[in-house]
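Contents: one structure, followed by commentary.
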Amino acid sequence: MSNRRRLAPEESRMAALDAARALLIEAGPQGVTLKAVAARIGRTHANLLHHFGSAAGLQKALAERMAADITATIGEAVLAARAGTRDPRAIVDLTFDAFDREGAGALASWMILSGNRDALDPILAAIHRLVDQLAQGIGIGARPIADQTLHLVLVALGDALLGDPMAAALGLSRTRAREMALEGLLGSPAAHGAGGHS
């Protein structure tokens, strides 16, 4: 893109984060570089350095934005499920898709492996805020919301990183981890292939 229209600072930052998220999905975390993002939005490397300071700063900002978007969506789904207007399975699917298809799992593992652990702070803070927002004693089933959130996030992250080969090696359905996560959310085994109600 060669669009050189002058953008307001926040608009420029948002455009860079949109491009970074697209690159994350297309090419994985290693594709999220200042050079690639600058090329995608028709800006200079120096322009992105001004906004983010470094590639690690860009990754941290991307993680923060993704965490805010993901937890807001999951929070809405949890509240809808509590009200009986949404199937709890939607919460599981949203979480698993965020870590897998939307790249949050790959980004988190990349940051850990590259030593950029501080970049995980926004993700953990967003999850903590979500739990605080939803903490009204119990979650969807009978277990505390913090327990449910820990279980769901860890299973979704593991599935994003190793789910395909593990399921194949164990002769299990590719969706088995999602089914197990739903069982954990409901606090009892969910019927295989059923709508997820206990």
Side-chain angles (χ1 to χ4, degrees), residues 20-32 59 62-63 66-117 119-120 122-124 126-128 130-131 134 138-198:
R21 190 163 189 169
L23 285 164
L24 174 66
I25 293 167
E26 292 166 18
Q30 63 276 15
V32 183
Q59 288 181 349
L62 176 60
M66 288 178 68
D69 291 348
I70 291 164
T71 53
T73 302
I74 292 169
E76 289 169 12
V78 169
L79 294 175
R82 280 182 176 167
T85 59
R86 195 160 191 185
D87 188 334
R89 183 177 295 273
I91 299 163
V92 173
D93 287 338
L94 285 168
T95 307
F96 273 65
D97 289 346
F99 280 96
D100 189 5
R101 283 187 221 152
E102 295 178 35
L107 182 62
S109 62
W110 174 264
M111 291 186 302
I112 291 168
L113 292 172
S114 64
N116 190 13
R117 287 180 174 271
L120 291 177
I123 297 173
L124 300 176
I127 291 169
H128 192 261
L130 173 65
V131 171
L134 298 174
I138 60 170
I140 301 302
R143 294 168 61 204
I145 191 72
D147 287 1
Q148 289 179 337
T149 304
L150 175 65
H151 179 258
L152 185 57
V153 168
L154 290 179
V155 174
L157 176 58
D159 184 71
L161 300 178
L162 290 170
D164 215 7
M166 281 295 295
L170 296 171
L172 297 172
S173 161
R174 180 62 186 92
T175 62
R176 183 61 188 129
R178 289 188 187 224
E179 294 163 4
M180 291 169 62
L182 181 61
E183 291 166 7
L185 192 65
L186 297 174
S188 63
H192 283 274
H197 299 288
S198 57

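Keep in mind that what you see is a predicted model, and the values were worked out from it rather than measured.
- Under the side chain to side chain contact (heavy atoms under 4.5 Å, CB included) criterion, Leu113 pairs with no residue at all, not counting sequence neighbours.
- Residues in residues 163-173 take part in these salt bridge (charged side-chain N to carboxylate O under 4.0 Å, His left out) pairs, two or more places apart or across chains: Asp164-Arg174.
- Between Leu150 and the choices Leu152, Val153, Leu154, the side-chain contact (heavy atoms from CB on, under 4.5 Å) rule is met once, by Leu154.
- Here the shortest heavy-atom pairing between Ile91 and Ala81 reads CD1-CB, 3.8 Å.
- Taking the salt bridge (Lys or Arg N to Asp or Glu O under 4.0 Å) definition, one finds that Asp93 meets it with Arg178, sequence neighbours left out.
- In terms of heavy atoms, Ala181 sits closest to Val155 at CB-CG1, 4.3 Å.
- Scanning both residues, Ala20 and Val32, for their nearest heavy atoms gives O-CG2, 3.7 Å.
- With sequence neighbours left out, the side chain to side chain contact (heavy atoms under 4.5 Å, CB included) criterion links Ile112 to Arg117, Leu120.
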When the side chains of residues 101-111 are checked against the rest of the protein, which donor-acceptor pairs come out under 3.5 Å, sequence neighbours left out?
| residue | atom | partner | partner atom | Å |
| --- | --- | --- | --- | --- |
| Glu102 | OE1 | Arg21 | NH2 | 2.9 |
| Ser109 | OG | Gly105 | O | 3.2 |
| Ser109 | OG | Ala106 | O | 3.0 |

Side-chain donor-acceptor pairs under 3.5 Å in residues 70-79, sequence neighbours left out?
| residue | atom | partner | partner atom | Å |
| --- | --- | --- | --- | --- |
| Thr71 | OG1 | Ala67 | O | 2.7 |
| Thr71 | OG1 | Ala68 | O | 3.4 |
| Thr73 | OG1 | Asp69 | O | 3.0 |

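- With sequence neighbours excluded, no residue forms a side-chain hydrogen bond (donor to acceptor under 3.5 Å, both in side chains) with Arg86.
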For Leu24 and Met66: C-alpha separation, side-chain torsions, deciding distance, then whether side chain to side chain contact (heavy atoms under 4.5 Å, CB included) applies. CA-CA 11 Å; Leu24 174 66; Met66 288 178 68; 3.6 Å; yes
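- Every residue meeting the side chain to side chain contact (heavy atoms under 4.5 Å, CB included) condition with Ala160, not counting sequence neighbours, appears here in chain and number order: Phe99, Asp100.
- Residues that satisfy the side-chain hydrogen bond (donor to acceptor under 3.5 Å, both in side chains) test with Thr175, not counting sequence neighbours, are Ser173, Glu179.
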